[in-house]
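One structure is given here, and the rest of the page talks about it.
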Amino acid sequence: MPELETLISRRIRPDILAMHAYVVQDSKGMVKLDAMENPHRLSPELQAQLGQRLGALALNRYPDGRIDDLRRALAAHASMPDGFDLMLGNGSDELISLLALACALPPDAAHGFKKACEKACVLAPVPGFVMYAMSAQLQGLDFVGVPLTADFELDQEAMLAAIARHRPAITYLAYPNNPTANLWSDEAMDAVITAAGERGGLVVIDEAYQPFAAKSYINHLASHHHVLLLRTLSKFGLAGIRLGYLIGPKALIDQIDKVRPPYNVSVLNCEAALFALEHHEVFEAQAQKIRAQRALLLEALSEFDGVVVFPSQANMILLRVPDAEKTFNSMKSRGVLVKNVSKMHALLTNCLRLTVGTFEENRHLLAALEASL
């Protein structure tokens, strides 16, 4: 209808009209290895116990003090340092958006004066998690992406130059990174964190894939007043409940928490997360299985001619094939769904991202890949 088209063109922001929506691939009937999900479900016994707890909740009431029980449980689970606090989000995606909203202050305004056209800036290495750029745009901040090196390491010199030039309000460091699945060197991390702090910015260490990584930044957190740690229970094994948490100095978290919508975590999400933390050993065993399958998958993939396999510290593996589009479509026709990231960034040319699944899922993946090359 012309009237509706006119209304949309007049009332919706031009930058949103030009955006592409986040696309979730149809996975019905497929071996789903495209979204870095934990492939393991709870046992029937634990499902029944969880069902009883969820069924007993007062769904007619808003979330109450049980949310604070979850915050304390997460603090203990993460070994949060003294003097720090955490806030909850409906997945880490919401927390990324709230950070942009809370920190949309131009760099000169932070020093008492403001240039007429200057905007606050979010900076991150690219290729990286798409929500850093998307949340910046939606909240009216600029986004500066600093390319990684050809082997997906932090370009320390380029990062430091970008921080000096743009003085970002927030610098994101995904640890491990998505979609490259690698951890960056301690030297490069320290240099970037120090430089961002000297320019008056925050640094967010995004540890979404921490259950599968050899290292965490949590033990260094108390050394900095400007560093926040972002985590999610999605990779822990609870992607369906949408729960993320942000750890930082209490005074800083208190201010950021002011922009959080009230009751943003439902009673169902809260109780499911508490139940999972009470049975953390089950999920730790699942993570151990995934790490073991990752090692086997990396070894098997390295035997494929014409395939470049990159190291992984996450529950995903990035590889480069001769023709990503052809291979992706062929694997999909064979019932295996992976992620074609080849058009995300020039550094990812002909790259596919594979989620580490169960033994059977990985067997199907390898067979489909072999037939598709």
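Here the structure is a predicted model, which is why all the values come from computation and not from measurement. By convention here, the first residue in the shown sequence is residue 1.
Checking F212, Y209, F283 one by one against F236, the ring-ring contact (aromatic ring centres under 6.0 Å, His included) holds for a single residue, F283. When I193, D206, V203, D186 are each tested for a side-chain contact (heavy atoms from CB on, under 4.5 Å) with Y217, only one passes: I193.
Under a 3.5 Å cut-off, the side chain of N269 and the backbone N or O of I241 do form a donor-acceptor pair. Listed for the N340 side chain is no donor-acceptor partner under 3.5 Å among the backbone atoms of N329. Within the 3.5 Å criterion, the main-chain N or O of S330 finds a donor-acceptor partner in the side chain of S333. Under the 3.5 Å distance criterion, the side-chain polar atoms of S302 are matched with a main-chain donor or acceptor of E299. Listed for the Q25 side chain is a donor-acceptor partner under 3.5 Å among the backbone atoms of V338. At least one donor-acceptor pair closer than 3.5 Å links the side chain of E94 to the backbone N or O of N90. Side chain of S9 to main chain of E5: a donor-acceptor pair is present (N/O by atom type, distance under 3.5 Å, no hydrogens or angles).
Of all non-hydrogen atoms in M36 and N315, the two that sit nearest each other are O-ND2, 3.0 Å. The two residues L173 and P125 have their closest heavy-atom pair at CD2-CG, 4.2 Å. A pairwise comparison of heavy atoms in P168 and L123 identifies CB-CB, 3.8 Å as the closest pair. Pairing each heavy atom of S312 with each of I317, the nearest pair is CB-CG1, 4.2 Å. Minimum heavy-atom separation, A104 to L141: CB-CD1, 3.6 Å.
Residues L95 and Y263 do not share a hydrophobic cluster, clusters being chains of Ile/Leu/Val/Met/Phe/Trp/Tyr side chains in contact below 4.5 Å. Under the 4.5 Å side-chain heavy-atom criterion for Ile, Leu, Val, Met, Phe, Trp and Tyr, L298 and F359 are members of distinct hydrophobic clusters. Under a hydrophobic clustering in which Ile, Leu, Val, Met, Phe, Trp and Tyr are joined whenever their side-chain heavy atoms come within less than 4.5 Å, directly or via other members, F328 and L354 fall into the same cluster. Hydrophobic cluster membership is shared by L268 and L233, with clusters built from Ile, Leu, Val, Met, Phe, Trp and Tyr side chains linked at under 4.5 angstrom. The cluster map of Ile, Leu, Val, Met, Phe, Trp and Tyr, joined by side-chain heavy atoms under 4.5 Å apart, puts L238 and V356 in different clusters.
For the 3.5 Å distance criterion, the side chains of Q139 and S97 fail to qualify, holding no donor opposite an acceptor.
Using a 4.5 Å cut-off on side-chain heavy atoms (C-beta onward), R320 and V309 make no contact. Taking 4.5 Å as the limit, every side-chain heavy atom of E3 sits out of range of all side-chain heavy atoms of T6. Under the 4.5 Å side-chain criterion, counting only non-hydrogen atoms from C-beta, F152 is not in contact with N177.
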List the steps and the verdict of side chain to side chain contact (heavy atoms under 4.5 Å, CB included) for I205 and L230.
CA-CA 6 Å; I205 311 294; L230 180 64; over 6 Å; no
Could you go through the side chain to side chain contact (heavy atoms under 4.5 Å, CB included) check for E37 and T355 one step at a time?
CA-CA 7 Å; E37 295 150 320; T355 302; 5.6 Å; no
Begin from the C-alpha positions of Y172 and L228 and carry the test side chain to side chain contact (heavy atoms under 4.5 Å, CB included) through to its verdict.
CA-CA 10 Å; Y172 280 98; L228 299 162; over 6 Å; no
Could you give me the CA-CA distance, side-chain angles and deciding distance for L154 and T149, then say whether side chain to side chain contact (heavy atoms under 4.5 Å, CB included) is met?
CA-CA 6 Å; L154 271 184; T149 64; over 6 Å; no
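The environment of Q47 atom CD is dense: over 12 non-hydrogen atoms of other residues, nucleotides or ligands sit within 6.0 angstrom.
The structure places CG of L86 at 8.5 Å from CG of L246, a figure rounded to the nearest 0.5 Å. Here Y175 contributes atom OH and Q313 contributes atom CD; the two are 9.0 Å apart, rounded to the nearest 0.5 Å.
Using a 4.0 Å cut-off between charged nitrogen and carboxylate oxygen, D69 and R71 do not count as a salt-bridge pair. Salt bridge absent: R72 and D68 never bring a charged side-chain N and a carboxylate O closer than 4.0 Å.
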